[in-house]
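Report on the structure given below.
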Amino acid sequence: MNAAHPDPRIRILDEETVNQIAAGEVVERPASVVKELVENAIDAGAATVRIEIISGGGGIERMRIVDDGTGMSRENVRLAFLRHATSKLRAIDDLHRIRSMGFRGEALASIAAVARVEVVTKPRGSGAVPATRLVISGGEIVEDEETGAPDGTSVAVEDLFFNTPARKKFLKSTQTEVRHMYAIMEQIALAHPDLSFRLLHNGRERIATQTKGTLLDTISTLYGSDLARDLIPVDGRTAYMQVEGLIAAPAHTRPNTAQILISVNRRQISSATLARAVREGYGTLLPKDRFPVAFLSLTIDTGLVDVNVHPTKREVRISREADVVREIASVIRETLRSARLIPQASSPPVPGHAPVPESGYTPSAGAWQVAAPVRAYHPVHREQSATDTQLRLTENTADETAETEQPGMEVIGQLDAAYIMVTSSSGDHEELILVDQHAAHERVLYEQVRAKRERGVRSQELLVPVILTLRPKEAAAVREALPLLLAEGFVLEEFGRDSFAVRTVPVVLGKQVEPEVIDDIIADVIGDELRSAANKKEGITCIIACRGAIKAGVHMTREQMARLLSQLFRTDNPSTCPHGRPTMVSFPRERLDGMFRRT
Ligand code: ADP
Ligand code: MG
């Protein structure tokens, strides 16, 4: 924790302090063990931390965390496994100043209570003094001896939950557990780019960051240089805090907030409120339903941050949160503004040649150069042919002579590239109808995907396979979801380390799917929502329908709008999208009269 006090004394917290500490389950799953032990290594001032995971037929068999931190004296290590034994907190008032990851003195005790733990530790710089080796099983010290070892600490945990069979039963598959470990290690590595973390799973290195690295190095190691190249540095100071980090150019978008990573005083936290603040800073640079990629480190006066609210410290309480939210949004907005994201005017399309206009931004301070295509500036004719393809795929093939016009309905225009305006007359009544183009096409696709499944899923090969380059955590999730994806018509093949080639997709998506659509589908399939969904097949059908459907923001021709309407009215349930939202809203004459107070 601090180099000034190598191996500070461990004491047992008094009862009053204990009672004021957020209690709860620290060891929820194997990944919590990794988190707690790695945080202890960081608190012990380690420069390098190695995480070794061994799994086999019996699940996660062994986790070992090795650090080069302060180590512990024999006296200290014997205390460390007692409940509420900590060197980081003396009294509850210290909490306002706490900078260490830990402070409750519960982790080692909780882990040792439900596993078999072997710790070998030697105080840093103690020279020839022997190291101590303890073995603790179910909370009892069963071996205690002197041994030889390098400075630092290694803690190995085996047989997790051996004496709590009920919890053992609730463990998820090895892949799921390993995925949680990757996720936690990614977050910790991003919050501590200056430390080196190496994670080995069954001897294979999965994550490796460097000592003295920068945030950019860490991002580049974890997510690849493509993303690293498009990052904009953030460095803002506001009344209450400092906001530092890197945010991605708006060309990088995600369907959810999973890629907005935030640490508060170097503690990685999960906060929907802060993630929303970051999204708000991007404003209209992103399509409505998309989220940015951002890595932010907030330094806030420790007196304003209460870390004592959640047993695993995933959440913190920030005083003046409303100010903090506003300031984050404004720092992001300013950063993007001074990065001068200037879309270059697209030249008129040359026949037979589809230009891809580039939107480059000229950075204010040097190092970043981005030239990524921004979808919003695609020439309209490209958009139209893509829409044609999408509509052709959902045309009812059994009914080839189908009229594109819906009898009695007339398309009068499109509002804000999102709503189709229609008049409909029946008898002597006429009404105005607004149709949500995305929701409408989603309904059409949804019924088709479902009907196809009943007749046996048909899939087709893509003209060009789409390559997904994933992070270890995502790759593990995709591996886990392979059977589910296959059942839906997606054929994915492993393609090098953590990459997959998508060769085959369900027929409704067509032969030339935008890679972004596939990306989004996979992101949703491995996302939390589907994982917790009761009916996975239904969930995946909704995902395909939603991601494959025409989006808001797409300009359509009158003919395309008419085709979409006629497809919509052939579905069993034209008035709502699969999520239950309306596809259309009507304004009958009487309602308009009422609105105009004409009675
Ligand atoms: P906490 O981290 O909340 O203090 P723990 O149960 O995780 O509680 O650890 C208890 C104590 O053991 C710590 O306060 C620290 O003094 C010592 N300790 C734990 N892990 C290490 C380590 N890797 N290196 C040095 N000391 C450690
Ligand atoms: Mg701890």
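Atoms considered below: every heavy atom in the structure, side chains included; atoms not considered: hydrogens, waters and symmetry mates. Order of appearance sets the numbers: ligands from 1, and atoms from 1 within every ligand.
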Of the choices S100, S87, G152, which has the non-hydrogen atom that lies closest to atom 14 (O) of ligand 1?
S87
Counting heavy atoms only, which of M72, E36, K88 is nearest atom 13 (C) of ligand 1?
K88
One residue to check: [X]. Relative to ligand 1, which of side chain, backbone, both or neither has a non-hydrogen atom less than 4.0 Å away?
{"X": "A46", "result": "neither"}
{"X": "F81", "result": "neither"}
{"X": "T70", "result": "side chain"}

Would [X] count as a polar contact of ligand 1, with the cut-off being nitrogen or oxygen pairs under 3.5 Å?
{"X": "L108", "result": "yes"}
{"X": "A44", "result": "no"}
{"X": "G71", "result": "no"}

So does M101 have any N/O/S atom less than 2.8 Å away from the Mg ion (ligand 2)?
no
If you take all heavy atoms of [X] and [Y], which pair is closest and at what distance?
{"X": "R167", "Y": "V27", "answer": "NH1-O, 2.9 Å"}
{"X": "S196", "Y": "T209", "answer": "OG-O, 2.9 Å"}
{"X": "P30", "Y": "M181", "answer": "CB-CE, 3.5 Å"}

Atom indices of ligand 1 within 4.0 angstrom of [X] heavy atoms, with elements:
{"X": "I10", "result": "11 (C), 12 (O), 16 (O), 17 (C)"}
{"X": "E106", "result": "6 (O), 8 (O)"}
{"X": "A80", "result": "10 (C), 12 (O)"}
{"X": "D67", "result": "22 (C), 23 (N)"}
{"X": "G102", "result": "2 (O), 3 (O)"}
{"X": "T86", "result": "1 (P), 4 (O), 14 (O)"}

Any side-chain to backbone donor/acceptor pair from R279 onto G283? Under 3.5 Å, distance only.
yes
Taking the non-hydrogen atoms of R104, is any one of them nearer than 4.0 angstrom to ligand 1?
yes
Does at least one non-hydrogen atom of G105 fall below 4.0 angstrom from an atom of ligand 1?
yes
When rounded to the nearest 0.5 angstrom, what is the spacing between [atom1] in [X] and [atom2] in [Y]?
{"X": "N40", "Y": "S87", "atom1": "CG", "atom2": "OG", "value": "8.5 Å"}
{"X": "F490", "Y": "I518", "atom1": "CZ", "atom2": "CD1", "value": "6.0 Å"}
{"X": "T147", "Y": "L134", "atom1": "OG1", "atom2": "CG", "value": "11.5 Å"}
{"X": "E205", "Y": "R198", "atom1": "CD", "atom2": "CZ", "value": "4.5 Å"}

Verify the ring-centre separation between F295 and Y223: is it less than 6.0 angstrom?
yes
May I ask you to say whether R479 pairs ionically with D498, meaning some side-chain N is under 4.0 Å from a carboxylate O?
yes
Look at atom NZ of K536 and say whether more than 12 heavy atoms of other residues, nucleotides or ligands are closer to it than 6.0 Å.
yes
